[in-house]
Each structure stands twice: as structure tokens, then as C-alpha cells.
Amino acid sequence: MSEPPLRLAAVERRYRTEAGELPVLRGADLTLAAGEIVALVAPSGTGKSTLLHLAGLLEKPDGGEVYVEGRAAGTLSDDARTAIRRATIGFVYQFHHLLPEFTAEENVALPQLAAGAARGAARDRARGLLAAFGLTGREDHRPGKLSGGEQQRVAIARALANQPRVLLADEPTGNLDVGTADRVFAELLDQVRHHGVAALIATHNPELARRMDRIVTLREGRVVEG
């Protein structure tokens, strides 16, 4: 039986503050199956972003472990975690974080080039992804010439550029109007389901959450079914 793309086992995370140690996650467990889309719905300040950062190997857990395709990855060296993240994980932020000096196509091609793809292949995949997100004709525009919804679609295309096994998204439509958010989210779901990606998507929008396979939340530092 194949290993799940992502599994968090008894993950703990604490932050040091002037008042002392602040425990945020206290033994959080979560497993994502291939092709499963899970909504993470939790109030601000409960550790939602921390959980995503640990799952995405952007932070190290203080306890427990993060398994990516069965490999214990959370406590590896920074370089090793970066290599796994680049090959296996896509991340979408609420604010797109596109590189303003590069075109939409270049923003989507850059992660592929960093992973060793040939320039022509990276360009072709970038154009294909942008077309899938309804951005044909916008490939040569820099972010400043794109609408908020277009920029976020570029960001999602970029996250999918290296064909990740896991997609993590932190309020990916949180700064968009309702209509644009619905269209962007529909395109995201279509791409994730089509490619069998395991996805964990944090959202405050209950309507979007209900369109996913299941809903989880955070309670007293642990993951529970929502």
C-alpha cells in the first residue's frame, strides 16, 4: 500500500515570547490522501498558518514529525527540506507574492527552471497552466498589469508548475471579491482533482469549505474534524 502524500504525526510547535513559551500546536495529527481536498477552517490565532508552514516544511516542528510520501522530512536540514519542498509541495498564499519584474509566464516558469527543467519545456508548461486558468493572452503581462484575480490565478499556476504531490493554500481567495473568488476557486479545484493532488486549503469561507471533501479545524492545538 502506497504512503499518503502528507502525514503529520503528533506535531508540536511552540514560540518563545516575552511572557514565556507559547504552545500553538500540541500533538496535531493529519493525513492527506492522493486526490483529497481538505478544508482547514479555524479562527485566527489558533495555529492555522503554523500548521500549513510545518506541512510545507517552511518551519521545523518542536515535536512529532512531518512525513512526505512516507519520508520523515520535518526535522531534516534546511537544504534537504528545500529540495523536498521544491519537488513535492506547492504553496499558495493569500497575497500572491509574484515577482513584479517578471511576466506571468516567467513567474510560472521560474520554479521549473530552479528544479532543473529545460527552458523550452518550462515555458511550454507555464503557457499550458496559464491557459488552463483562463489567462491566454496575458502571459507577457507583469503582475502590475493584471487584476487581483488574475494575479492569484498566476500564483496558483506557479504552485502547480512542478507537478507537486501536495498543494497547501493559505486563504488563497481571501483578498478577492466574491465572484472572482468563486471562479478562481473553481479553477483550483478542477486542476487539483484532475491531477490527483493532495490539497489542504485554509479558508474562512464556509461555502468554499463545503465544496471540499472534508473539513477540519484546530482545537486546543490539535486537528479535529470540523
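What's counted below: heavy atoms across the whole structure, side chains too, no hydrogens, waters or symmetry copies. Residue numbers start at 1 and run along the sequence shown.
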If Ile, Leu, Val, Met, Phe, Trp and Tyr residues are connected whenever their side-chain heavy atoms lie under 4.5 Å apart, and connections chain through other members, are [X] and [Y] in the same group?
| X | Y | answer |
| --- | --- | --- |
| L129 | L189 | yes |
| L110 | F91 | no |
| V178 | L188 | no |
| I84 | L58 | yes |

Within-4.5 Å side-chain heavy-atom neighbours: [X] and [Y]:
| X | Y | result |
| --- | --- | --- |
| D182 | R211 | yes |
| E225 | R214 | yes |
| T50 | Y15 | yes |
| E150 | L135 | yes |
| L146 | R138 | yes |
| T136 | L130 | no |
| N107 | T103 | no |
| V154 | Q151 | no |

>> If you apply the rule side chain to side chain contact (heavy atoms under 4.5 Å, CB included), what do you find for L168 with V92, and how did you get there?
In response: CA-CA 6 Å; L168 305 170; V92 184; over 6 Å; no

Where the side chain of [X] meets the backbone of [Y], is there a donor-acceptor pair that is under 3.5 Å apart?
| X | Y | value |
| --- | --- | --- |
| K60 | L76 | yes |
| D170 | S49 | no |
| D213 | I37 | yes |
| R85 | L57 | yes |
| R13 | V24 | no |

Mind listing the closest non-hydrogen atom pair of [X] and [Y] along with its distance?
| X | Y | answer |
| --- | --- | --- |
| P5 | A34 | CD-N, 3.6 Å |
| P61 | L54 | N-CD2, 3.5 Å |
| P143 | P100 | CD-O, 3.7 Å |
| V108 | A157 | CG1-O, 3.9 Å |
| V223 | A28 | CG2-CB, 3.9 Å |
| V68 | A73 | CG2-CB, 4.1 Å |

Listed pairs under 3.5 Å, donor-acceptor, residues 117-126 side chains, sequence neighbours left out:
from : atom 1 : to   : atom 2 : distance (Å)
R125 : NE     : A161 : O      : 2.6
R125 : NH2    : L160 : O      : 2.9

So how far is it from [X] [atom1] to [Y] [atom2], rounded to the nearest 0.5 Å?
| X | Y | atom1 | atom2 | result |
| --- | --- | --- | --- | --- |
| L167 | T88 | CG | OG1 | 13.0 Å |
| R222 | D29 | CZ | CG | 8.5 Å |
| I201 | L208 | CD1 | CG | 9.0 Å |
| T31 | E36 | OG1 | CD | 9.0 Å |
| L30 | L8 | CG | CG | 6.0 Å |

>> As a quick check of understanding, evaluate side chain to side chain contact (heavy atoms under 4.5 Å, CB included) for V11 and V66, giving each step before the final call.
In response: CA-CA 7 Å; V11 166; V66 179; 4.2 Å; yes

>> Under the ring pair (Phe, Tyr, Trp, His ring centres under 6.0 Å) definition, can you give me all pairs with a residue in residues 97-145, not counting sequence neighbours?
In response: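 Residue pairs with at least one partner in residues 97-145: Y93-H97.
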
> Any ion pair linking D140 and K145 (charged N to carboxylate O, less than 4.0 Å)?
Replying inline: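 Here K145 does not pair with D140 in a salt bridge, since their nearest N and O are not under 4.0 Å apart.
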
>> One thing to verify: whether R26 and E220 come together as a salt bridge, which I'm taking to mean a side-chain N less than 4.0 angstrom from a carboxylate O.
In response: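 Result for this pair is no, no salt bridge flagged.
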
>> One pair to check against side chain to side chain contact (heavy atoms under 4.5 Å, CB included): L218 and L25. What are the steps and the verdict?
In response: CA-CA 9 Å; L218 286 166; L25 298 177; 4.1 Å; yes

>> Considering only residues two or more places apart or on different chains, which pairs with a residue in residues 65-74 satisfy side chain to side chain donor-acceptor pair (under 3.5 Å)?
In response: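 Those involving residues 65-74 are E65-T75, E69-R165.
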
> Do any pairs count as a side chain to side chain donor-acceptor pair (under 3.5 Å) and have a residue in residues 152-162, sequence neighbours left out, and if so which ones?
Replying inline: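 Not a single pair qualifies under side chain to side chain donor-acceptor pair (under 3.5 Å).
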
>> Taking salt bridge (Lys or Arg N to Asp or Glu O under 4.0 Å) as the cut-off, I'd like each qualifying pair that reaches into residues 96-116, sequence neighbours left out, listed once.
In response: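 Applying salt bridge (Lys or Arg N to Asp or Glu O under 4.0 Å) to every pair that reaches into residues 96-116, excluding sequence neighbours, yields E105-R127.
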
Taking only distance into account, with no hydrogens and no angle test, what donor-acceptor pairs under 3.5 Å do side-chain atoms of residues 39-48 form with protein atoms, sequence neighbours excluded?
from : atom 1 : to  : atom 2 : distance (Å)
T46  : OG1    : P43 : O      : 2.7
K48  : NZ     : A42 : O      : 3.0

> Do you see a donor-acceptor pair shorter than 3.5 Å between the side chains of E171 and H204?
Replying inline: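 The criterion, which ignores hydrogens and geometry beyond distance, is satisfied for H204 and E171.
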
